[in-house]
Structure formats: structure tokens, C-alpha cells
Peer 1: 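Before anything else, here's the structure in question.
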Amino acid sequence: MPPTPRVRFAPSPTGYLHVGGARTALFNWLFARHFGGTLILRIEDTDFERSSSAMVDGILEGMRWLGILWDEGPFFQSQRLGLYRATADRLLAAGAAYPCFCTREELEARRAEAAAAGRPPMYDRRCRALSPEAAAARRAAGEPAAVRFAVPLDGATSFDDAVFGAVSFLNAELEDFVLLRSDGIPTYHLSVVADDVEMRLTNIIRGADHISNTPKQVLQYRALGAPLPVFAHLPLILGPDKTRLSKRHGATSVIAYKELGIVPEAFRNFLALLGWAPGAAGPGREILPANELVQLFSLGGITKSNAVFDNDKLAWFNTEYIRAYTPEQLLPLVESEWAAAGFVPDPGILRDREKLLGTIALLQTRARSLRDFAGVFRAYFSDEFPYDEAAAAKFLKEPTTAALLLALAERLRASPEFTEASTEATLRLFAEEQGVKAGVLINGARVALTGQGVAPSLFAVMVALGRARTVARLQAAPAIPLPARG
RNA sequence: GGCGCCAUGGUGUAAUUGGUUAACACGUCGCCCUCUCAAGGCGAAGAGUUCGGGUUCGAUCCCCGAUGGCGCUACCA
């Protein structure tokens, strides 16, 4: 292993950063950090039709959100066309490539013909047979030509993959693939190799969907006389139905998970454990912050089989990380969630920072998502909040309950103290006097105070809201709408 | 179709690399706690390692075959 590995993440900006790409980026980052190496970001935008700068921005945003910072780049392949043409020329000069004058239409026709005849639809290599003179003459005459790689006719090309082991392909199965299109734009096959060589990459960590492409690249390394990097192919991430993860499985872009209220550390931790096992962490240890992931990471721990993306497990990581934050750390995330949701908290609540942090602390242990703070937790931050119909129907359906809460409000208003202990004592005493179960008042009060049937301990809620709000909301209990009984 | 890769509970992964009652985490279910819900504590169910052959005293692990899934099969990446 070279002292300082150089790796890259090379997304194609034809879409947002998706889950699989993020995992590839993450593994490259973990690998680079583990060995003190360099992570290069390279944008593979040679498909001008499908690439866009908006997608580039989206990819960078997703990486930054996950905390995957690169050391060099971003480099854009669209700005390195000279390198690819020069590389193609070298291959041509070495006799490892040849110009091909077949047009797209001819190629398609022949492919259809071959398919109809039940033959493999491979390029028939007819231009490979052209004499150099004839080819040169046609080029000189201005006839457009693509450049194809001359794959050896027999033998096999193999490589030793860091996760899959020895992989071998018969050369006869490989087609004379196009390196440079007739318009001078390189195909993926050429640009990856040219860049990976030029950038002196030592390890290529990428999705397993590239395994079949690898022999075509190995052949080019050999023809170029370039040292072969170590390939490590990552198993793919599948949806719950075990088909490749795609839009129809729901959120597929990394930013969509941010919008779902997932916290970046949770998503990163979850992703790291998809297809990789931190052997040295010991059993039962799955909550691993970035520095530990970096320390534990090794290509040897990568699995060969595809992994199914499990939303339940992600949700678990999310709750764990939300709980683990200090309220000070969590507050900014909550604030951006509020902004994203268009929710405006009560200025008075925001002003008392200490109390605000206390409220966050009270709620964070039971949040599933950042979204809860602008959703079911609204009543803690604003006087404008909805009442959950099911909760109201369940706990306030007895007409006497609201009246009791009204009376309780008066007791709480008049009590000398307003602490968890005092409010609880007041409520229980009142319940006893009225001959009702404390639970009736507690459950009813919970709905009146929070709009929800579920909340932290009622008395902690009262203290968090403060006496004035608690009294006012209890007084409003008779006005809480009950769903019409159908 | 051809080629390549993969295959351990519902999911993610372990199994000193041929010798364990096949482990851990998520999820599920039950109990405890309790003002609700989470959390927490305790416990349970759930795979005999896709199937069939082999090798071996002994296979999750090695070999062969089948099946299934995924990937590649473009002048996309």
C-alpha cells in the first residue's frame, strides 16, 4: 500500500447525488482519511445533453451536507478534452486503437440484423481491417471517424479486486469499444482512464456496476504503459423489493433525506454500515461517529452482496443522533427546519434562550425526525397549533373534563409555586377533591396544552410552557373543537 | 440471449477464515416502569446458512450443478 493513497469520487451530473453515489463518495472519503490520503472530486460531464450545472451544485450540496469534503477539485471533464484527445492519439500511435468510419445508422442497422439472426450484437470490427493508409486518406478527406480500442482477439483480461477478488473476462467477449466519438468528445471509457492515470490515482473505489467495464480499462492501462490502480467495487444498494434503488422507492437523492428531517451524521453512519462491517468495533457497536468510522474503515470489511436500504434502521440512527446532540447543537438544526417548514415561532419563546434550550432538551429524546419540531412539537414554540382530532376525541369527549380543566387553571394560577412538583401536587389534590382520577385530568390537560395525545411528562410540559401559557391554554379547553361524531 | 458477480432470520451484518446451542444491531411481540408516547430494563419469536450433489471424521466456509437476484451488453456514464 503506497504511503499516501489518492482516490476520487467521480459523479456524473445527470441527476442529484443519489444514495448509491453518496455511499461511494463516503467510502472513498473514509479510505482517504484513514490512510491520510487525498480525495479528488471529478465531475464527469462529457455527456453534454444530460449534464447540468444545477446538478453539479446539487451534488456538492449533498456532499457538504454529509460532511464529505474533498481535497482537490472539482475538476470538470468538459474542460479537459485536450487530455483525452492526446490520450487517444497515444493509443492510436501505439496501434492499440484505430479510426472507425461506420456511422451510427450503419451500426444500428447491423446490430438489429445481428439480433434478428440471433448473433451477439457486437461491433464487427470491419474498420480494424482498414489499412493505415486507407484510413489516413479517408480522414484527410474529412470523413468523420470515431476512435475504437483494438481489443485483443483472444486471451483473457483479469484484475484482482480488493473486495471481489480475482475477476476475469474473456477478451473475445469484449467489443472494440469507442474511445473518442466522431465529434471528438471522449466516451466514459477513455476519459476515466485518461483522468485516473493523469491524476495518479492509486485506488479506484466505485460501484459494482462498473465491474464489467473494468477489463476495458485494464486494457487501456496496459496499452498506455500506466501502473494499474487497485480496484475495489462496492456492492449496490437495493430498494426493499430488492431491485436497484430508484425513484419509485421514494426518496433517492441525499437532499431528500435532509428534507425528511434526517440528520447528516445519522445518514452517514447508516450509509457506512450498508455493505461494510466495522470488524474491530466489536459486536453491538453501530453508532459510530465520523472519526471512529475513519479509524475503523478498511476495504476488507466490505461485503460482496448487495444491500437493501432499510428506512427503519435509518430512522433509528436518526433518533439516536438527535438524542445525542446537546441542545445547543440541535437548536440550529431545529431553526433551519422551522425556516424550511415556514413555521414562525413565538418571538417571546425565542428570546429566553435558556428556556428554549430546556424545551429542546425535553423534546429531543422523543423526536424521530427534525420535522417533528415544526410538526407535532409546534405547541411548545407558538400559541398557534392545531389540536389532534383523535387525541381530543379520546381525552376530552366527556363534557365535564373541560370544565374541570377550567377550574384547574384557576388553581394553578393562584398557586404560590410553579414547579414540576407543585403543579403535580396541585393537580392530584384537585383530582382527589373532585373525585376523578388524576389520569383524566392529566390526559385532558396534555391535549389542551400541546394539542397532542402524546408528549413528555405533563408537569415538565407545564414548566416548559410557563404558568401564563399553561393557565391560558387550560382556560381555552372548553373551546377545543371535538370532531363531529358520525 | 451472451458475459460477469452475488446468495446467512423481515432488514443490515458476524461467525478465530472446515469444528460455536449460527452471534450482534434494526424491526416485530410480551412484561416492567408509568400521566400518554418515546427512552430504559427484562424476556420471546424468527435462519440451520437458496436448492441438489460432492470432498471430508466434520461443512455457513472448499468443488460441481441448478435456481434466483443484480450488473454489463451504446459514438450514456
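Below, read A as the first sequence line, B as the second, and so on, with proteins coming before strands; counting in each chain starts at 1. Reckoned from all heavy atoms, side chains included, excluding hydrogens, waters and symmetry mates.
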Peer 1: Any idea which of B:A77, B:G1, B:C35 is nearest the A:Pro121 side chain?
Peer 2: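 Out of B:A77, B:G1, B:C35, the nucleotide with an atom closest to A:Pro121's side chain is B:G1.
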Peer 1: Of the nucleotides B:C72, B:C70, B:U36, which one has an atom closest to the side chain of A:Asn213?
Peer 2: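 Nearest listed nucleotide: B:C72.
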Peer 1: Has the side chain of A:Thr187 got a donor or acceptor atom sitting under 3.5 Å from an opposite partner on the base of B:C75?
Peer 2: no
Peer 1: Can A:Glu433 and A:Arg411 be counted as an ion pair, charged N to O under 4.0 angstrom?
Peer 2: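 Yes.
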Peer 1: For a quick check, tell me whether the side chain of A:Arg104 and the base of B:C75 share a donor-acceptor pair closer than 3.5 Å.
Peer 2: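 Check fails, no donor-acceptor contact within cut-off.
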Peer 1: Taking atom C1' in both B:G71 and B:C75, what distance in whole Å separates the two?
Peer 2: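 To the nearest whole Å, 22 Å.
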Peer 1: Mind checking the P distance from B:C5 to B:C63? Whole angstroms is fine.
Peer 2: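 Approximately 12 Å lies between the P atom of B:C5 and that of B:C63.
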Peer 1: Does B:U36 have OP1 or OP2 under 4.0 Å away from a side-chain N or O of A:Ser457?
Peer 2: no
Peer 1: If I pick the P atom on B:C51 and the same atom on B:C33, what distance separates them, to the nearest angstrom?
Peer 2: 44 Å
Peer 1: Can you tell me which nucleotide in B:C37, B:G10, B:A77 comes closest to the side chain of A:Arg50?
Peer 2: B:A77
Peer 1: Say you pick atom P in B:C6 and the same atom in B:C42; how far apart are they, in whole Å?
Peer 2: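 Here B:C6 and B:C42 have their P atoms 40 Å from each other.
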Peer 1: Of the candidate nucleotides B:G10, B:G1, B:A77, which contains the atom at the shortest distance from the side chain of A:Thr46?
Peer 2: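 Closest nucleotide among those given: B:A77.
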Peer 1: Scan A:Ser12 against the nucleic acid and name what it touches under 4.0 Å (heavy atoms): base, sugar-phosphate only, or nothing.
Peer 2: sugar-phosphate
Peer 1: Suppose we define a pair by two distances each less than 3.5 Å, Watson-Crick or G-U wobble; what does B:A22 pair with here?
Peer 2: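 With both distances under 3.5 Å required, B:A22 matches none.
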Peer 1: Taking only the side-chain heavy atoms of A:Val308 (C-beta and beyond), determine which of B:U36, B:C75, B:G12 contains the nearest atom.
Peer 2: B:G12
Peer 1: Nearest-Å distance, CZ (A:Phe164) to P (B:C70)?
Peer 2: 15 Å
Peer 1: Using the P atom as the reference point in each nucleotide, state the distance between B:G65 and B:C72 in Å, no decimals.
Peer 2: 25 Å
Peer 1: Taking only the C1' atom of each, what is the distance from B:G2 to B:U17 in whole angstrom?
Peer 2: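 Between the two C1' atoms, the distance is 35 Å.
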Peer 1: Answer yes if the side chains of A:Asp209 and A:His233 hold a donor-acceptor pair under 3.5 Å, and no otherwise.
Peer 2: no
Peer 1: Out of B:A74, B:C26, B:G4, which has the shortest distance to the side chain of A:Arg111?
Peer 2: B:A74
Peer 1: At less than 4.0 Å, is any side-chain N or O atom of A:Lys242 found next to OP1 or OP2 of B:G68? Yes or no.
Peer 2: no
Peer 1: Mind checking the P distance from B:G40 to B:G4? Whole angstroms is fine.
Peer 2: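 Rounded to whole Å, the distance is 48 Å.
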Peer 1: Looking at B:A66, which nucleotide sits across from it as a Watson-Crick or G-U wobble partner, both distances under 3.5 angstrom, or is there none?
Peer 2: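 When the pairing criteria are applied, B:U50 turns out to be the nucleotide that pairs with B:A66.
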Peer 1: Taking for each residue the nucleotide of RNA chain B with the nearest heavy atom, is it A:Leu170 or A:Pro186 whose nucleotide lies nearer the 5' end?
Peer 2: A:Leu170
Peer 1: Of the listed nucleotides (B:C6, B:C35, B:G71), which one gets closest to any side-chain atom of A:Lys304?
Peer 2: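 Ranking B:C6, B:C35, B:G71 by closest atom to the A:Lys304 side chain puts B:C6 first.
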Peer 1: Under 30°, 30 to 60°, or over 60°: which ring-plane class applies to A:Phe231 and A:Tyr221, parallel, tilted or perpendicular?
Peer 2: perpendicular
Peer 1: In whole angstrom, what separates A:Tyr123's OH from B:A74's C1'?
Peer 2: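 Going from A:Tyr123 (OH) to B:A74 (C1'), I get 14 Å.
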Peer 1: To the nearest angstrom, how far is A:His189 atom NE2 from B:U73 atom C1'?
Peer 2: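 In whole Å, B:U73 C1' lies 10 Å from A:His189 NE2.
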Peer 1: So, does A:Arg323 get its side chain near the phosphate of B:A39, meaning an N or O under 4.0 Å from OP1 or OP2?
Peer 2: no
Peer 1: Nearest to the side chain of A:Asp312 - B:C70, B:G27, B:U36?
Peer 2: B:G27
Peer 1: Expressed in angstrom and rounded to an integer, what is the separation of A:Leu271 atom CG from B:A25 atom C1'?
Peer 2: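 From A:Leu271 CG to B:A25 C1': 17 Å.
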Peer 1: From the options B:C6, B:C75, B:U11, select the nucleotide whose nearest atom is closest to the side chain of A:Ser305.
Peer 2: B:C6
Peer 1: Count the heavy atoms of every other residue, nucleotide or ligand shown that sit under 6.0 Å from CZ of A:Arg90, and state whether that count exceeds 12.
Peer 2: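 At most 12 heavy atoms, drawn from other residues, nucleotides or ligands, come within 6.0 Å of this atom.
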Peer 1: Whole-Å distance between B:U73 C1' and A:Asp176 CG?
Peer 2: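 Roughly 14 Å, once rounded to whole Å.
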Peer 1: State which residue, out of A:Arg125, A:Arg148, A:Lys216, A:Arg126, fulfils the salt bridge (charged side-chain N to carboxylate O under 4.0 Å, His left out) condition with A:Asp176.
Peer 2: A:Arg125
Peer 1: Please assess A:Glu424 against A:Arg428 for the test salt bridge (charged side-chain N to carboxylate O under 4.0 Å, His left out), listing each intermediate value before the final yes or no.
Peer 2: CA-CA 6 Å; A:Glu424 176 158 12; A:Arg428 289 193 188 277; 2.8 Å; yes
Peer 1: Take atom CZ of A:Arg42 and atom P of B:A77, then tell me their distance rounded to the nearest Å.
Peer 2: 12 Å
Peer 1: To the nearest Å, how far apart are A:Arg119 CZ and B:C3 C1'?
Peer 2: 18 Å
Peer 1: Using the six-membered ring wherever Trp is involved, compare the ring planes of A:Phe270 and A:Phe309 and label them parallel, tilted or perpendicular (cut-offs 30° and 60°).
Peer 2: perpendicular
Peer 1: Sort out the partner of B:U55 for me: Watson-Crick or G-U wobble, both distances under 3.5 Å, none otherwise.
Peer 2: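 Paired with no nucleotide.
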Peer 1: With hydrogens left out and only the distance checked, is there a donor-acceptor pair under 3.5 Å joining A:Lys313's side chain and the base of B:A25?
Peer 2: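 Present.
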Peer 1: Write down the distance between CZ (A:Arg285) and P (B:A23), rounded to a whole number of angstrom.
Peer 2: 22 Å
Peer 1: If we take the C1' atom in both B:A47 and B:U60, what is their distance in whole Å?
Peer 2: 11 Å
Peer 1: Across all strands shown, which nucleotide pairs with B:C3 by Watson-Crick or G-U wobble geometry, both distances under 3.5 Å?
Peer 2: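 Across any shown strand, B:C3 pairs with B:G71.
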Peer 1: Check if the side chain of A:Arg244 and the base of B:C70 share a donor-acceptor pair of N or O atoms closer than 3.5 Å.
Peer 2: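 No, the side chain and the base share no sub-3.5 Å donor-acceptor pair.
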Peer 1: Check whether more than 12 heavy atoms from other residues, nucleotides or ligands sit under 6.0 Å from atom CD of A:Glu389, and answer yes or no.
Peer 2: no
Peer 1: So which heavy atom on A:Ala88 is nearest to which on A:Leu190, and how close?
Peer 2: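 So the two residues come closest at CB-CD1, 4.2 Å.
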Peer 1: Taking 4.0 Å as the cut-off, does a side-chain nitrogen or oxygen of A:Arg181 come that near to OP1 or OP2 on B:A74?
Peer 2: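 No, no such contact exists.
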Peer 1: Give the nucleotide from the list B:C35, B:G2, B:U11 with an atom nearest to the side chain of A:Glu173.
Peer 2: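 When the side chain of A:Glu173 is considered, B:G2 is the closest of B:C35, B:G2, B:U11.
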Peer 1: Heavy atoms under 4.0 Å, any strand shown: does A:Thr14 hit a base, just sugar-phosphate, or nothing?
Peer 2: nothing
